[in-house]
Amino acid sequence: MDTGILILRLLVGLLVAGHGVQKVSSHLGGKGLAGGTEEFRADGFRGGALTALAAGGGQIGSGLLLAAGLLTPLAATGATGVMTVALTVKWRHGLWVQNDGYEYPLVLIGTVIALAATGPGAWSLDAVLGLTPYPVWWAALALAAGLGSGLLTRLVLHRSGPAAPRAAAPGSR
């Protein structure tokens, strides 16, 4: 079981962190901080570069914590928060990702909360530091705090008017 949890933690944690790196840099196919800023503006968010930095930093931090199995409930809370914001952006497109839907953020939220519920496993920094096992109610707290922070972020930072149109990628229509 610990091997499966380790694989899941590494996969999901590094993907979440990589997604954050893309928002703030040109690494991993990102468009730099300017591209991350434009993405948020096109999705109707105010805050400019600060919004992109906060989202990218939250994803990088929570993803690396998840991958390491360190402070797992806190990492799950952070990942749930940023993925909740992404889910709200994609909600109007429906569930499926091929329609730019919220499937991917939903899967990530479910996965990180499952990791908070199961714990990070024996091969984790939480275990090395003697922080495990976490009580199962930490998973419920992580879910509630993550959803709440994501929805509050959406409420505070999203413009009420129509979003600026997103520029089409070169060669796409």
Which atom names give the shortest non-hydrogen contact between K90 and P105, and what distance separates them?
CD-CG, 4.3 Å
Let's go through S26 and K31 carefully: what are the C-alpha distance in whole Å and the side-chain angles of both, what is the deciding distance for side-chain contact (heavy atoms from CB on, under 4.5 Å) to 0.1 Å, and is it a yes or a no?
CA-CA 5 Å; S26 59; K31 295 179 180 161; over 6 Å; no
Using the rule that Ile, Leu, Val, Met, Phe, Trp and Tyr join whenever any side-chain heavy atoms are under 4.5 Å apart, tell me whether V21 and L15 fall into a single cluster.
no
To the nearest 0.5 Å, atom OH of Y102 lies from atom CG of L108 at 14.5 Å
I would like to know whether L71 and L125 meet side-chain contact (heavy atoms from CB on, under 4.5 Å); could you show each step before the answer?
CA-CA 8 Å; L71 304 174; L125 289 179; over 6 Å; no
Atom of A76, atom of L66 and distance for their closest heavy-atom approach:
N-CD2, 4.3 Å
L11, V112: one ILVMFWY side-chain cluster at the under-4.5 Å cut-off?
yes
Checking one residue: W123. Which other hydrophobic residues are in its cluster under the side-chain 4.5 Å linking rule?
L6, L10
Cluster overlap L155 with L50, hydrophobic side-chain contacts below 4.5 Å:
no
Which distance, rounded to the nearest 0.5 Å, do you find between the CD1 of I113 and the CG of L143?
4.5 Å
Report the residues that fulfil side chain to side chain contact (heavy atoms under 4.5 Å, CB included) with T118, sequence neighbours left out, ordered by chain and then residue number.
I5, L115
In Å, rounded to the nearest 0.5 Å, how long is the span from CG of L106 to CE of M83?
11.5 Å
Closest heavy-atom pair and its distance - A127, G121
CB-O, 3.7 Å
Quick one: does T51's side chain have a donor or acceptor within less than 3.5 Å of a partner on R46's backbone?
yes
Pairs in or reaching into residues 64-86: which pass side chain to side chain donor-acceptor pair (under 3.5 Å), with residues at least two apart or in two chains?
T72-D126
From L14 CG over to L64 CG, what is the distance, rounded to the nearest 0.5 angstrom?
7.0 Å
Is there a path of hydrophobic side-chain contacts, each under 4.5 Å between heavy atoms of I/L/V/M/F/W/Y residues, joining L65 to Y134?
yes
Is it possible for you to say whether I109 and V16 belong to one hydrophobic cluster, with membership spreading through side-chain heavy-atom contacts below 4.5 Å?
yes
Shortest non-hydrogen contact between E103 and W96, atoms and distance
OE1-CE3, 3.3 Å
Within the side chain of D100, is there an N or O that forms a donor-acceptor pair under 3.5 Å with the backbone of H93?
no
Cluster companions of V128 among Ile, Leu, Val, Met, Phe, Trp, Tyr (side-chain spacing under 4.5 Å)
none
Over all heavy atoms of both residues, which pair between G20 and Q59 is shortest? Give the atoms and the distance, please.
CA-OE1, 3.3 Å
Donor-acceptor pair, side chain of S25 and main chain of Q22, under 3.5 angstrom:
no
Excluding sequence neighbours, so at least two apart, what forms side-chain hydrogen bond (donor to acceptor under 3.5 Å, both in side chains) with Y104?
none
Set of side chain to side chain contact (heavy atoms under 4.5 Å, CB included) partners for V24, sequence neighbours left out:
L33, L53, I60
Over 60° means perpendicular and under 30° means parallel, so classify the ring planes of F45 and H158, tilted if in between.
perpendicular
Closest non-hydrogen atoms of R41 and R159, given as atom of the first, atom of the second and distance, are O-NH2, 2.8 Å
